[in-house]
There are 2 protein chains.
Amino acid sequence: MKKTGKKSDFGWAQIKEFCDSLTDEEDALTREMVTCISDKWSLWTMSVIAEQARPMRFSRIMEQVEGVSQKSLTKTLRGLERDGLITRKVFAEVPPRVEYAMTPLGSEMLENIAPLWLWVAKSVQRFQDARAAYSDR
Amino acid sequence: MKKTGKKSDFGWAQIKEFCDSLTDEEDALTREMVTCISDKWSLWTMSVIAEQARPMRFSRIMEQVEGVSQKSLTKTLRGLERDGLITRKVFAEVPPRVEYAMTPLGSEMLENIAPLWLWVAKSVQRFQDARAAYSDR
DNA sequence: CCGTATCCAAGCCGATACTG
DNA sequence: CAGTATCGGCTTGGATACGG
């Protein structure tokens, strides 16, 4: 695994190299997309839509994403739509109907987040231990 | 680990199932740790320390993490230390010296973030295209 | 050198009320 | 049903000044 004595031996050096090849604008967008992962509601909202594997109405989403306000959900959905992670389709009916669905890009994003999330969940005990040790310091 | 007729054929269902097995406290901590990933300075700071592959002083870190204020860097470092991602060692000298270094847990975290980050960076053009299409809607 | 303390501006987010 | 408008509390983070 380790080849050089100097560089970090995991993929981070590779990433740094790749990021250096990006323009400032692209780099900023990369950070912005990663940030979206830990926006308060974005990831949860995406996972809810993805789970159904079919278009979902606004109110159904709001039921599943417990605790989200109408305002925050609207903002979250608009952001996800803008970034091409979900689609938003308005039906000209009375009463109004709006359906949200995952895009391939959004599904890919979830797929790429999954391993990280799983690792964190599995490591949760180690984090708790670390905090306990910190308190005792 | 059961197979249902439901879709989501990627790892998300698996994650959901795993997370359901966590206590509320553990689940909250998981979200908190993922959130830390996209805190404004945490990830950048970790990558800077990891890159050197040896303990780093406060001021050296601050040079590398461009734009961070003393206050924010201090807060970031304290958080990372508390979560067991880095260590903080104070030397009783004049002038004072404090050195920060990655822990195994911190390095593992970076390793697990790397694939996601790389995917996002490589997909940056698709995100740009999505935003352009959104503007034209 | 490595912080802490204080002030302040900006933004997030929930609650509530209202609209097509 | 699916929003928009508005308000107000809370947190975040930069600037500055000061302390060990």
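So you know, we letter chains A, B, ... as the sequences are listed, proteins then strands, and number each from 1.
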Let me know the distance between [atom1] of [X] and [atom2] of [N], rounded to the nearest Å.
X     : N      : atom1 : atom2 : answer
A/L77 : D/dA2  : CG    : C1'   : 11 Å
A/E99 : D/dG3  : CD    : P     : 12 Å
B/I61 : C/dC2  : CD1   : P     : 9 Å
B/L73 : D/dG13 : CG    : P     : 12 Å
A/E93 : D/dG3  : CD    : C1'   : 16 Å
A/M56 : D/dA2  : CE    : C1'   : 15 Å
A/M62 : C/dC13 : CE    : C1'   : 13 Å
A/D39 : D/dT11 : CG    : P     : 18 Å

Proximity to the side chain of [X] - top-ranked nucleotide from [options]:
X     : options               : value
B/W41 : D/dG14, D/dG3, C/dC2  : D/dG14
A/K71 : D/dC7, C/dC7, C/dG3   : D/dC7
A/S59 : D/dC1, C/dC12, C/dC2  : D/dC1
B/K40 : D/dG13, C/dC1, D/dA2  : D/dG13
A/Q70 : C/dT4, D/dG13, C/dA17 : C/dA17

Would you please confirm or rule out a distance under 4.0 Å between OP1 or OP2 of D/dA2 and any side-chain N or O of A/R78? no

OP1 or OP2 of C/dC2 less than 4.0 angstrom from a side-chain nitrogen or oxygen of B/R97, does that happen here? no

Whichever of A/S72 and B/R60 has the more 5' nearest nucleotide on DNA chain C, that residue is B/R60

Could you check A/G67 against A/P96 and say which one's nearest nucleotide on DNA chain C is further toward the 5' end? A/G67

Report the C-alpha separation of A/Q125 and A/D129 in whole Å, then their side-chain angles, then the decisive distance to 0.1 Å, and conclude whether the side chain to side chain donor-acceptor pair (under 3.5 Å) test is met. CA-CA 6 Å; A/Q125 185 60 56; A/D129 293 347; 2.9 Å; yes

Examine distances only and state if a side-chain atom of B/T103 and a backbone atom of B/L85 form a donor-acceptor pair shorter than 3.5 Å. yes

Using 30° and 60° as the class limits, which term best fits the ring planes of B/F127 and B/W119: parallel, tilted or perpendicular? perpendicular

Using a 4.0 Å heavy-atom cut-off across all strands, classify A/Y100 as base, sugar-phosphate, or nothing. sugar-phosphate

B/T23 side chain reached by B/D27 side chain, heavy atoms, under 4.5 Å: no

Do A/E63 and A/R60 touch side chain to side chain, with heavy atoms closer than 4.5 Å? yes

